[in-house]
Amino acid sequence: MEKEKLSTEELSEVLEFANSLYQGVGGSYGYFNPFTQNRELLSLNGKSIKPTQEQLLKALESSPYDYKKLAEYSSFYETYDAIYSKTMRYFIGLLSFDLTYSCKNIKNPTEYNSKEYKDDLKRVYKFLDSFDYKHEFKKILKMMTTRDVVYTWFRDSHEIDSPIELEESKIKKNENFALQIMPQDYCQLDGMFNNSQYMYSIDMNYFMSGNVDINLYAPQLKKMLRNAFDGKDNYNPSSQLDRRNGSFANYVQANPLYGAYCFKFDTSTFGIKPPFIAMLKSVINNDDIEKLQYDKNMISAYFILAGEIKTLNGTKSEKSDLFAIKPKTMGQFMSLVNSGIKGNVKPVLMPAENIRGWKFDDQNPSMYKNQLQSSSGQGASASELIYHDSNLSQFAMQNAILTDYSFMKQVYGQFSSFLNFYVNKKTKKYKFNFILDGLDRDWYRDTQLQNIVKMSDKGLTLPSQYWASAMGYEPQNFARALEEAHYGSMQDNLTLLMNINTSKDGSNTSQNNSGRPKSDLLDRSDGTEATSDYVD
């Protein structure tokens with residue numbers, strides 16, 4: 001049979017369809033719909049896979065090279081296991097991301113009153129107003145505890161290396177900043193700059209997918225896509241930042257100068273491993289132990305009744321099974337017994353002699369509880385906050401939390417370096433040093449604030465950002481609040497209150513409100529707290 005040929009008109013229509021499919025709407029590559037876009041967004045953070053015990057141990061043995069599998073296992077158990085998930089949330093919740101700063105190129109103290117310094121400080125404040133650093137860094141920290149390394153791109157709605165404009169007449173639209181998550185499975189750690197900040201390369205095959213719109217990413221990536229297929233394998237790991245644009249095969253060097261920034265939990269090694277991955281060796285057994293405990297509990301809920309069946313005494317016969325009751329009659333009795341007994345009691349036969357009951361006796365009823373305690377104890381010093389079965393003293397609990405905080409506070413250096421690198425690109429003359437710190441616990445903040453007050457009593461008064469940090473405020477918001485209180489009419493709204501601590505009012509005395517005020521709950525000792533029902 002002769003093969004049919006396309007007409008010129010039919011061929012033209014096919015080519016037009018293929019061209020539209022390739023170019024997409026608005027000239028971008030690919031074919032897009034809400035379902036494919038949702039799938040691409042879900043895949044940005046990488047895969048989640050449930051491992052077997054053997055797979056986990058094998059990946060741990062080859063951890064420097066099997067880091068993708070470890071990240072996939074960690075991501076799965078973050079959703080699957082409550083102890084693992086709660087441990088990660090506990091550690092993430094320790095960090096408060098309190099910010100302080102100081103100018104590092106002031107040569108004369110009188111410059112603090114100069115217009116140039118005040119303008120650059122306004123630029124810093126505008127950056128902090130437009131970049132929600134606490135929210136963005138918490139989001140990155142969550143991924144760091146799951147994967148160790150997080151590949152991002154710092155997005156600037158204006159030019160990334162141009163100072164923030166202050167003159168209202170020159171501002172066309174407000175400048176905004178954000179951290180964009182890059183496709184984690186298509187990025188590769190390959191360098192370091194400034195002795196502590198990491199760099200990476202991107203597999204541009206990701207953007208060749210028909211479901212990925214490159215216009216959703218930084219404009220620099222379009223140029224990088226062209227470099228990947230220009231036939232020049234000019235990858236140079238020792239290139240200076242302003243010349244970091246080489247490629248090898250489909251990988252292209254991502255440049256921090258344009259926004260490519262990599263965060264890593266453990267900066268002491270280039271090896272990639274999730275910080276809590278060793279905990280999975282115990283956590284992976286939680287599910288099996290829970291099932292075993294469930295089976296034991298179900299068996300323990302049943303009660304079995306059984307006895308002896310009487311035979312015909314004195315019967316002389318070669319026949320066997322000569323019982324004193326017929327099977328039909330026994331079945332009728334069993335039917336009556338079953339109708340009057342609840343389902344968890346199982347009679348074996350009725351009527352019978354020497355009836356006794358049997359029930360499974362669990363010799364290890366705390367098996368599952370002990371497993372959860374063991375799992376949580378491997379993750380945190382203050383494991384009682386993750387799985388509570390015993391009470392620690394207030395002093396012991398605070399020290400346990402401080403121990404866990406000392407493990408987490410190392411990541412502050414990564415985020416401080418990020419601010420130092422990008423915020424100082426948005427100022428003109430003066431450059432600032434940013435420091436993130438802080439434990440998100442009231443008793444810790446009280447201690448920090450008391451230390452500042454003690455220093456002030458000695459004449460060592462710190463700038464407002466240190467007070468803001470101790471109380472959990474963002475520095476720019478705290479500074480504006482102080483200005484409003486000073487120049488506004490706050491004093492006009494104040495009313496002098498009567499001091500009930502020294503009042504001799506009889507009504508106050510009857511309610512025991514006079515005299516020395518009571519201590520706060522956090523300031524009470526364990527003994528006082530235990531007898532608070534009698535004291536209060």
**OP:** Check step by step if side-chain hydrogen bond (donor to acceptor under 3.5 Å, both in side chains) holds for R39 and S43.
**Re:** CA-CA 6 Å; R39 186 179 65 183; S43 67; over 6 Å; no

**OP:** Would you please test E165 and R123 for salt bridge (charged side-chain N to carboxylate O under 4.0 Å, His left out) and show each step?
**Re:** CA-CA 8 Å; E165 185 59 61; R123 293 185 176 93; 5.7 Å; no

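- The backbone N or O of Y473 lies less than 3.5 Å from no partner atom in the side chain of N477, so there is not a single donor-acceptor pair.
- The six-membered or imidazole ring of F193 lies near that of F421, with a centre-to-centre distance under 6.0 Å.
- In this structure, the side chain of D148 engages the main chain of K273 through a donor-acceptor pair within 3.5 Å.
- Contacts of N433 classified as side-chain contact (heavy atoms from CB on, under 4.5 Å), with partners at least two apart in sequence or in another chain: S102, K104, N420, I435.
- Using a 30° and 60° split on the angle between ring planes, F154 and F177 fall in the parallel class, below 30°.
- With respect to the salt-bridge test (charged N to carboxylate O, under 4.0 angstrom), the residues E136 and K139 qualify.
- Within the 4.5 Å cutoff, the side chain of Q476 has heavy atoms near those of the D129 side chain.
- Formation of a donor-acceptor pair under 3.5 Å by the Q253 side chain with backbone atoms of G246 is found in this model.
- Atoms CZ and OG, from F276 and S74 in turn, are 9.0 Å apart once rounded to the nearest 0.5 Å.
- Between the side chains of N211 and Q37, no donor-acceptor pair of N or O atoms lies under 3.5 Å.
- Checked by atom type, the side-chain pair Y261/Q197 shows a donor-acceptor distance below 3.5 Å.
- Using a 4.5 Å cut-off on side-chain heavy atoms (C-beta onward), M88 and P275 make no contact.
- By the 4.5 Å heavy-atom criterion applied to side chains, Y444 and I401 are not counted as neighbours.
- Nearest heavy atoms, V411 versus M144: CG1-CE, 4.1 Å.
- For C103 against I106, the heavy-atom pair with the smallest separation is SG-CG1, 3.4 Å.
- Nearest approach of K425 to I160, heavy atoms of both residues: CB-O, 3.7 Å.
- For the pair K69 and Y73, the cation does not sit on the ring face, since its NZ or CZ is not both under 6.0 Å from the ring centre and inside 45° of the axis.
- Salt-bridge annotation for D190 and R244: present, with a side-chain N of the basic residue lying under 4.0 Å from a carboxylate O of the acidic one.
- Summarising the geometry, atom CG belonging to L128 is positioned 7.5 Å from atom CG belonging to L419; distances are rounded to the nearest 0.5 Å.
- Looking only at distances, a side-chain donor or acceptor of T403 sits under 3.5 Å from a matching main-chain atom of N399.
- Counting heavy atoms from C-beta on, the side chains of Y251 and I202 never come closer than 4.5 Å.
- The OG atom of S416 sits 15.0 Å away from the OH atom of Y101 when rounded to the nearest 0.5 Å.
- Between F407 and F265, the ring planes lie tilted relative to each other; the angle falls in the 30° to 60° range.
- With hydrogens and angles disregarded, a donor-acceptor distance shorter than 3.5 Å links the side chain of D120 to the backbone of K428.
- With respect to the salt-bridge test (charged N to carboxylate O, under 4.0 angstrom), the residues D446 and R441 do not qualify.
- Side-chain contact check for T152 versus Q180: every heavy-atom pair is 4.5 Å or farther apart.
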Subject >> Stepwise salt bridge (charged side-chain N to carboxylate O under 4.0 Å, His left out) check, D185 with R147 >> reply: CA-CA 11 Å; D185 290 340; R147 304 184 60 89; 3.6 Å; yes

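- In this structure, OG on S464 lies 6.5 Å from CZ on F478, to the nearest 0.5 angstrom.
- Salt bridge annotation for K142-E78: present, with a cationic side-chain nitrogen under 4.0 angstrom from a carboxylate oxygen.
- How far OG of S157 is from CG of N174: 8.5 Å, rounded to the nearest 0.5 Å.
- Listed by chain and residue number, F97 satisfy the ring-ring contact (aromatic ring centres under 6.0 Å, His included) test with Y412 (two or more places apart in sequence, or in another chain).
- Counting heavy atoms from C-beta outward, R480 and L482 have side chains that stay 4.5 Å or more apart.
- Inter-residue side-chain proximity for F434 and F432 is flagged as met; some heavy-atom pair is nearer than 4.5 Å.
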**OP:** Might you work through the side-chain hydrogen bond (donor to acceptor under 3.5 Å, both in side chains) test for Y430 and D119, ending with a clear yes or no?
**Re:** CA-CA 9 Å; Y430 293 98; D119 285 347; over 6 Å; no

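- With S130 contributing its side chain and K126 its backbone, the two residues share a donor-acceptor pair below 3.5 Å.
- For R445, the side-chain contact (heavy atoms from CB on, under 4.5 Å) partners at least two apart in sequence or on another chain are S96, D98, D440.
- Using a 4.5 Å heavy-atom threshold, the side chains of Y258 and L221 count as separate.
- Between the side chain of S62 and the main chain of K58, a donor-acceptor pair closer than 3.5 Å is present.
- The closest donor-acceptor contact from the side chain of K68 to the backbone of K47 lies at 3.5 Å or more, if one exists at all.
- Panel note: side chain K431, backbone T427; a donor-acceptor pair is recorded below 3.5 Å.
- The two residues F270 and G191 make their nearest non-hydrogen contact at CE2-O, 4.2 Å.
- The two residues R155 and L216 make their nearest non-hydrogen contact at NH1-O, 3.4 Å.
- Taking the six-membered ring where tryptophan is involved, the planes of F418 and F263 are tilted, since the angle between them lies from 30° to 60°.
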Subject >> Criterion salt bridge (charged side-chain N to carboxylate O under 4.0 Å, His left out) on K50 and D81, from CA distance to verdict >> reply: CA-CA 11 Å; K50 183 179 181 180; D81 188 84; over 6 Å; no

Subject >> Residues K426, D156; criterion salt bridge (charged side-chain N to carboxylate O under 4.0 Å, His left out); working and verdict >> reply: CA-CA 11 Å; K426 313 306 293 183; D156 187 345; 2.9 Å; yes

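- Panel note: side chain N45, backbone M143; no donor-acceptor pair is recorded below 3.5 Å.
- A distance of 10.0 Å separates OG of S417 from CG of L436, quoted to the nearest 0.5 Å.
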Subject >> Candidate pair Y198 and Q414, rule side-chain contact (heavy atoms from CB on, under 4.5 Å), full reasoning >> reply: CA-CA 9 Å; Y198 291 89; Q414 290 276 293; 4.1 Å; yes

